[in-house]
Number of protein chains: 2
Amino acid sequence: MMLREELTKMNERNLQSYPGYALRRAANAMIGDLAKRLEAHGTRVVDATALLLIADNPGTTSSAIGRSLDIQRANMVPLLKRLEDAGLIERKPIDGKSLGLFMTAHGEKQLAEIRATIDAFEAELIARIPAKHRDHLLPALNALWR
Amino acid sequence: MMLREELTKMNERNLQSYPGYALRRAANAMIGDLAKRLEAHGTRVVDATALLLIADNPGTTSSAIGRSLDIQRANMVPLLKRLEDAGLIERKPIDGKSLGLFMTAHGEKQLAEIRATIDAFEAELIARIPAKHRDHLLPALNALWR
DNA sequence: GAATTTTGCTATAGCCTATAACAAAGATGG
DNA sequence: CCATCTTTGTTATAGGCTATAGCAAAATTC
């Protein structure tokens with residue numbers, strides 16, 4: 001039928017030549033996939049990322065995490081509340097106003113599973129890239145935001 | 001001072017080795033930059049993308065655009081309303097239930113400026129990538145979502 | 001010690017996406 | 001030709017993430 005013909009032949013040539021478009025689509029697909037996998041652990045991508053930072057930097061603060069991940073201080077509040085409510089982290093005063101962030105035993109255990117999921121995901125992601133392009137992706141991407 | 005020392009030394013090694021993390025950060029930085037530039041034309045990234053598709057596929061439909069860009073039919077409604085309200089596109093019935101999308105003269109004029117902005121943006125984006133990695137980015141990204 | 005900055009937080013609004021449901025029209029298969 | 005999917009465009013609504021403004025208390029700077 002006519003209309004269907006036109007649709008499947010949708011001209012996307014212009015979009016496909018834009019690296020910016022490919023970057024957006026690839027990132028969206030990637031994030032969506034990872035989010036679905038982390039959901040199985042009751043976690044979100046941002047939460048898992050924050051958790052990784054806290055585990056590697058015991059005693060770090062909400063502000064420091066925010067600066068590192070480019071998350072506004074205000075938006076760190078509900079994020080850390082989720083992690084604390086889930087019993088994954090705890091906050092201990094390190095001076096009169098700052099709160100140090102620390103993993104709980106339960107948090108460490110959960111993170112081990114999360115890490116395994118992320119590592120498997122990253123491995124699959126890399127495997128999807130043709131070998132001859134593989135090693136170029138990370139340096140190319142890093143040039144775009146660092 | 002102690003605390004500051006710790007913050008600037010934040011351990012991010014684990015994150016930095018993840019292509020997925022770099023992909024997310026690069027895409028966010030890129031989208032943010034482009035969004036800011038398109039704002040000067042009173043347009044959003046998604047709207048501009050849809051506009052490009054409509055211009056290259058006169059008479060295409062809301063559903064077809066949505067399928068092509070992975071946007072739900074429901075979410076196409078406000079998007080197309082914005083384009084129509086701005087006088088950039090018009091809708092003409094192509095059968096009893098489908099509406100064909102067409103650029104207006106004003107839309108074509110606006111799109112010319114938007115295209116120039118996007119092209120300049122994409123050129124700068126590519127220029128930021130070290131030459132030896134440059135040609136690998138697009139094929140690597142496309143392998144991740146197509 | 002006064003002025004400035006930082007920290008953690010509340011409240012709120014916006015953008016984009018996801019789901020469910022609906023009526024009308026179109027396509028399909030006997 | 002008729003009954004049964006399927007498609008289209010739409011409303012309504014909720015959720016996730018982000019951005020802004022403002023605030024009090026503490027820390028830092030000069």
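For the numbers below, each heavy atom of this structure counts, side chains included, while hydrogens, waters and symmetry mates do not. Lettering follows sequence order; numbering is per chain, from 1.
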Detail all sub-3.5 Å separations between protein N/O atoms and N/O atoms belonging to nucleotides 18-22 of chain D.
from   : atom 1 : to    : atom 2 : distance (Å)
D/dA19 : N7     : A/N75 : OD1    : 3.4
D/dA19 : N7     : A/N75 : ND2    : 3.1
D/dA19 : N6     : A/N75 : OD1    : 3.1

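Listed for the A/T43 side chain is no donor-acceptor partner under 3.5 Å among the backbone atoms of A/E39. Between the B/E122 side chain and the A/G20 main chain, a donor and an acceptor come within less than 3.5 Å of each other.
No chain of hydrophobic side-chain contacts below 4.5 Å, direct or via other Ile, Leu, Val, Met, Phe, Trp or Tyr residues, connects B/L99 to B/L51.
Closest approach of B/D95 to B/K97, counting heavy atoms only: OD1-N, 2.8 Å. When every heavy atom of B/A143 is checked against every heavy atom of A/R128, the shortest pair comes out as O-NH2, 3.1 Å.
Rounded to an integer number of Å, the gap from A/I65 CD1 to C/dG8 P is 10 Å. The interatomic distance linking A/L79 (CG) with C/dC9 (C1') rounds to 14 Å, in whole Å. Remark: C1' of C/dC9 and CG of A/L80 are 12 Å apart, rounded to the nearest angstrom. Put simply, CG on B/L69 is 13 Å from P on C/dA18, counting in whole angstrom units. In this structure, NZ of B/K81 is placed 13 Å from P of D/dA12, rounded to the nearest angstrom. The distance between atom CG of B/D47 and atom C1' of C/dT17, rounded to the nearest whole Å, is 14 Å. Across the protein-nucleic acid pair, B/I31 atom CD1 and C/dC15 atom P stand 15 Å apart, rounded to whole Å. To the nearest angstrom, C1' of C/dA25 lies 5 Å from NZ of B/K97.
Which of D/dT7, D/dT10, C/dT7 sits closest to the side chain of A/S63 comes down to C/dT7.
With sequence neighbours left out, B/E90 forms a side chain to side chain contact (heavy atoms under 4.5 Å, CB included) with B/K92, B/F102, B/T104.
Heavy-atom distances to DNA chain C give each of B/R82 and A/S62 a nearest nucleotide, and the one nearer the 5′ end belongs to A/S62.
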